[in-house]
Asks: 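Below you'll find the structure I mean.
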Number of protein chains: 2
Amino acid sequence: MPVRLKDIAIELGVSVVTVSKVLRNHSDISTETRNRVLERMRQLNYRPNLAARALVTGRTNMIGFVVPDLLHPFFAEVAKGLTKVLRKKGYCLVIASSEEDPLLEKQEIEHLLARRVDALIVASAQSDSSSFVLAGEQKTPFVLIDRFFEGYSADFIGVDDEKVGYLATCHLIEQGCKRIAHIRGPQFSAAHGREAGYRSAMKGIGQPEIIVSTASMDNQADARGYDAMNELLATNPRPDGVFCFNDPNAIGALSAIHDAGLKVPQDIAVIGVGNLHYDSLLRVPLSSVDQDSSALGEEAAKLALKLIESKIKSRPKKIMLEPKLVPRASSLRNQ
Amino acid sequence: MPVRLKDIAIELGVSVVTVSKVLRNHSDISTETRNRVLERMRQLNYRPNLAARALVTGRTNMIGFVVPDLLHPFFAEVAKGLTKVLRKKGYCLVIASSEEDPLLEKQEIEHLLARRVDALIVASAQSDSSSFVLAGEQKTPFVLIDRFFEGYSADFIGVDDEKVGYLATCHLIEQGCKRIAHIRGPQFSAAHGREAGYRSAMKGIGQPEIIVSTASMDNQADARGYDAMNELLATNPRPDGVFCFNDPNAIGALSAIHDAGLKVPQDIAVIGVGNLHYDSLLRVPLSSVDQDSSALGEEAAKLALKLIESKIKSRPKKIMLEPKLVPRASSLRNQ
DNA sequence: TTGAAAGCGGTACCAC
DNA sequence: GTGGTACCGCTTTCAA
């Protein structure tokens, strides 16, 4: 039903090829013909069938984006960064959510691959890399964000998690905390990095490390943080500072502390990661480490586009963005 | 590079058609042939090129989703509901963000139309309906969510906004508020409905209506709420209850009240709309009206699929979901 | 039950 | 400058 190249060609008494060339700004078309064609295209509101074009060019101009959870503001913000860059280049974003389920993630990746997306951007929920081997087979470039696999080399963009942990912990130290605990994240690279940063900072003050793990990654990160914090509160002496894997965890921790009748930051200072935009609106505004998710999205998009352009596969890049401390009331004890 | 139907056909010494039929579970294929083909498909990890299929069937199995702002949890949740039902049907979701810009929105819609998405789901940022006329021309079904246009008939799914306003206002009345103000949203249908509900509830108690408008819809709804609340605080006597268009507005209002040295809910009770999942974690947990965004997404997806299936265009449906009151500390004065 | 041929709406290549 | 032709990978139709 929509207008086709052919329709315009017939109407104007030129060939399909000519119209096609005008469409793509080929130089070897007379100005007159070009104008006639353009004019008519506009009148008819012609839009090329991108599926057809994809079939012959082998490029769909689509990028697949797989996230563990769309509701998590971090991924939403990354998505926003992605669209910002991709829109300008005429690409569009196909989003799939894995709901933190490795199996689903794999299915979604295969689906996107069948769709022949030009590149894949994945924040992976899974611990093995078999899906990516698949992508590799089809020569579909992919970039990992936020979470990567130890021992599997791929293009990656994330924040420098070790620095995140270091920044956060040092901040607590500067605020006078002595017994600083870490509520650790699930088995992802980010958790490793942040823990390493914490350890490294703790070495500096010669205090023992106190680490508890959250049970799993799921949609109830705050509940996880609540439980973990209660574990910590049961220890004696209890910590006077806590660095949480992420803000939802930290929010849960805040609740636990509050429920125990203790005060933040006087009794226990708390800091999280993510700088969610409602952190400042919480009962006690939450200190955090900002990951600049939007920039992460933009960088990821740029990298993906570059990978699409370059025929030859270059050595995987690993881009680390700088985290930034955002101190708020939950950790500021010096005033 | 990826395996094609043809490759398998040649290898097995059958025709392309046969393989194609197996792929789509056609009945008229001998069990033996079918098994041989399926076997080989599995071995080679064959995935049909969906772009090619789209070209001939005229169906892309893609649904376009246009939102004003991905970061707004409401839309993220709707998206989640959408993917949940679309995934099962083999559809995928192409997301575009209009950043609350009508022009961008129009461009994105045209882009998606060029992509030949099978249906369009739009939470519109614009006040005219020209883009939808376009969609209509291409016979692409579309469903509006959350916001619709007065005088333009289209399939729509949203919450019953009048009831939202009524519920919220009645709740404030029950809590003993007398001078109840409404911070009104921008010029969208939702704002009209909620305002109407507010008015209707106010009629019942014979108190004057107090309405202020937020300047515009943008990413800083909380700042808008802050400003609007300050306007209200300047009036004399000031309100003792405020029903805000949405939760971000309400959060801004809370800050303004707090900054003015007043107490919530004792001095002023506040309620918003949206039931964002961090409402309960705020300095003062925010009362809200829940819109069940996830269900909204699921319903929208189902409706879109139905529209795609049914050849003939039926009369546009308007589905209204029931809102639900979620009272929290910001409005509970009776205890 | 199987397959040959046509064609979906474009683009690439090469002759004119 | 312009256009004929082949073809991208798949489905559809119809004949064998």
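Every chain is numbered from 1, with letters handed out A, B, ... down the list of sequences. Everything quoted here is computed from the prediction, not taken from an experiment.
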Asks: What is the distance from atom CG of B/Leu112 to atom CG of B/Asp118, rounded to the nearest 0.5 Å?
Replies: 12.0 Å
Asks: Taking the minimum atom-to-atom distance to the side chain of B/Thr33, which one of C/dT2, C/dT11, D/dT2 wins?
Replies: C/dT2
Asks: Check the distance between D/dG9's C1' and A/Arg53's CZ and give it to me in whole angstrom.
Replies: 18 Å
Asks: What is the distance, rounded to the nearest whole Å, between atom CG of B/Asn61 and atom C1' of D/dC10?
Replies: 14 Å
Asks: Using whole Å, what does the distance between atom C1' of nucleotide D/dC10 and atom CG of B/Asn25 come to?
Replies: 16 Å
Asks: What is the distance, rounded to the nearest whole Å, between atom CG of B/Leu5 and atom C1' of D/dT11?
Replies: 9 Å
Asks: Give the minimum heavy-atom separation between B/Met62 and B/Arg115, together with the two atoms involved.
Replies: CE-O, 3.9 Å
Asks: Does a side-chain N or O from A/Tyr46 land closer than 4.0 Å to OP1 or OP2 of C/dG9, or not?
Replies: no
Asks: From the list D/dT2, D/dT11, C/dT1, which nucleotide is the closest neighbour of the side chain of A/Ile29?
Replies: D/dT2
Asks: Given D/dT12, is OP1 or OP2 found less than 4.0 Å from the side-chain N or O atoms of B/Thr57?
Replies: no
Asks: Does A/Asn49 reach a base, just sugar-phosphate, or nothing at all? Heavy atoms under 4.0 Å.
Replies: sugar-phosphate
Asks: What is the distance, rounded to the nearest whole Å, between atom NZ of B/Lys21 and atom C1' of D/dC10?
Replies: 14 Å
Asks: Could you check A/Pro2 against A/Arg24 and say which one's nearest nucleotide on DNA chain C is further toward the 5' end?
Replies: A/Pro2
Asks: Between A/Lys317 and A/Phe156, is NZ or CZ placed under 6.0 angstrom from the six-membered ring centre and within 45° of the ring axis?
Replies: no
Asks: So, taking the atom named CG in B/Leu144 and the one named CD1 in B/Ile121, what distance separates them when rounded to the nearest 0.5 Å?
Replies: 10.5 Å
Asks: With nearest nucleotide decided by heavy atoms, which residue, B/Val17 or B/Leu55, maps closer to the 5′ end of DNA chain C?
Replies: B/Val17
Asks: Among side-chain atoms of A/Arg34 and A/Ser30, is any donor-acceptor pair under 3.5 angstrom?
Replies: no
Asks: Can you tell me if B/Ser97 and B/Glu99 form a side-chain donor-acceptor pair at under 3.5 Å?
Replies: yes
Asks: Answer yes or no: is there a side-chain heavy-atom contact under 4.5 Å between B/Arg59 and B/Arg116?
Replies: no
Asks: If you check the A/Leu23 side chain, which of D/dT2, C/dT11, D/dG9 turns out closest?
Replies: C/dT11
Asks: Kindly check if the number of other-residue, nucleotide or ligand heavy atoms within 6.0 Å of CD (B/Glu309) is above 12?
Replies: yes
Asks: With a 4.0 Å cutoff (strictly under), does any side-chain N or O of B/Ser15 reach OP1 or OP2 of C/dT2?
Replies: no
Asks: For A/Arg36 and D/dG1, give me the distance from atom CZ to atom P, rounded to whole Å.
Replies: 16 Å
Asks: Between A/Ser20 and C/dG10, is there a side-chain N or O to OP1/OP2 distance below 4.0 Å?
Replies: no
Asks: Tell me which nucleotide among D/dC10, C/dG9, C/dT2 gets nearest to the side chain of A/Ala52.
Replies: C/dG9
Asks: Quantify the bending of the helix from C/dT1-D/dA16 to C/dC16-D/dG1 as the angle between its end axes, each fitted on five pairs, to 10°.
Replies: 40°
Asks: Tell me: NE2 of B/His26 to C1' of D/dT11, nearest whole Å?
Replies: 9 Å
Asks: Please state how far atom NZ in A/Lys6 lies from atom P in D/dG3, giving the value in whole angstrom units.
Replies: 16 Å
